[in-house]
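See structure below.
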Amino acid sequence: TQVNPGEPVAPTALATPVVTAVAKENNVTLSWEAVENAASYSITVGTEMPVFVEETTYVFTGEYETEYTFNVVAVPADEVKYAASEAAEVEATTAELVTEYIYLKLNHRTWQNFTTIQVVVDGKEIDMTEVEDNLYQVDKSVLEGNSFYFYGSRRNYYQTTSDQTGTLTVPENGDNL
């Protein structure tokens, strides 16, 4: 609206987006309805630099068990007629990290004389925890779909599959699993 003849008209602010945040694992998905006359959306996480998107969804990957504050601003294509919207603020907390384990049971007679037992995936030793005598706990995501080896005085080989569950037992004779 022109107040005085000859003075420029102030741009009209775009509507503020109505944002929904859904956290799953360490991801937060933001979504909103398109704002009329918006060309893009500026998304700020905390005090980070903004990210600009043209879509009406944005997926943020962060840390587990962390609360994040998001600000979404509708940005106009025509900045002469329209101004950016007010920021829509929404908070979301990512989920607790849940680790699934595979339990590896090593036959006592075969492995009893070893002072150190290692599991190696792709040439790297991985962490495992002995939860009881000769029963080891290993992060399932590390073994899933990979070849891994036990090292003691001899090397044994086993190829896991993506649906591997339960306890793996080394045969008494120390051959391949």
Side-chain angles (χ1 to χ4, degrees), residues 9-105 117-132 135-150 158-168:
V9 176
T12 303
L14 296 178
T16 302
V18 177
V19 181
T20 302
V22 177
K24 182 177 180 184
E25 297 176 355
N26 65 325
N27 296 312
V28 177
T29 300
L30 304 177
S31 59
W32 57 91
E33 294 292 321
V35 173
E36 187 175 354
N37 298 309
S40 63
Y41 303 88
S42 167
I43 301 157
T44 306
V45 182
T47 59
E48 298 295 317
M49 294 295 295
V51 173
F52 292 88
V53 298
E54 293 179 1
E55 302 80 25
T56 56
T57 59
Y58 175 74
V59 178
F60 170 79
T61 301
E63 300 294 322
Y64 283 93
E65 301 180 56
T66 305
E67 184 176 309
Y68 292 97
T69 301
F70 301 90
N71 286 289
V72 179
V73 174
V75 178
D78 182 349
E79 293 182 358
V80 173
K81 287 185 177 181
Y82 301 102
S85 72
E86 292 290 321
E89 183 176 288
V90 64
E91 292 180 350
T93 301
T94 53
E96 177 182 343
L97 177 62
V98 176
T99 303
E100 292 184 61
Y101 295 101
I102 288 180
Y103 292 88
L104 308 170
K105 178 72 173 171
I117 298 172
Q118 297 175 321
V119 177
V120 177
V121 174
D122 294 329
K124 297 178 187 167
E125 183 179 349
I126 61 169
D127 292 330
M128 63 179 187
T129 305
E130 189 169 16
V131 292
E132 61 182 56
L135 180 64
Y136 294 86
Q137 172 179 286
V138 181
D139 182 343
K140 181 179 179 181
S141 67
V142 174
L143 295 182
E144 214 166 35
N146 293 311
S147 296
F148 65 88
Y149 300 89
F150 291 104
Y158 183 78
Q159 171 74 45
T160 67
T161 61
S162 60
D163 61 353
Q164 180 65 48
T165 59
T167 301
L168 304 176

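- Scanning all heavy atoms of the two residues, the minimum distance from E63 to T66 falls at CB-OG1, 3.4 Å.
- Annotation: side chain of V72 is not in contact with side chain of V90 (no heavy-atom distance under 4.5 Å).
- Residues meeting the side chain to side chain contact (heavy atoms under 4.5 Å, CB included) test with T16, sequence neighbours left out: S85, E86, A88.
- Here M49 contributes atom CE and I43 contributes atom CD1; the two are 14.0 Å apart, rounded to the nearest 0.5 Å.
- Of all heavy-atom pairs between L14 and E36, the closest is CD2-O, 3.4 Å.
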Contacts table for residues 19-27: side-chain donor-acceptor under 3.5 angstrom, sequence neighbours left out:
from: N26; atom 1: ND2; to: G62; atom 2: O; distance (Å): 3.0
from: N27; atom 1: OD1; to: T61; atom 2: OG1; distance (Å): 2.7

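- Looking at every heavy atom in both residues, E65 comes nearest to T94 through N-OG1, 3.0 Å.
- With sequence neighbours left out, V45 forms a side chain to side chain contact (heavy atoms under 4.5 Å, CB included) with F60, Y68, F70.
- Pairing each heavy atom of T56 with each of E33, the nearest pair is CG2-C, 4.2 Å.
- Note on residues 33-57: pairs passing ring-ring contact (aromatic ring centres under 6.0 Å, His included), not counting sequence neighbours, are W32-Y41.
- Of all heavy-atom pairs between A13 and A84, the closest is CB-O, 4.0 Å.
- Taking every heavy atom of both residues into account, A15 and V35 meet most closely at O-CG1, 3.4 Å.
- Remark: Y82 pairs with N37 by the side-chain hydrogen bond (donor to acceptor under 3.5 Å, both in side chains) rule, at least two apart or across chains.
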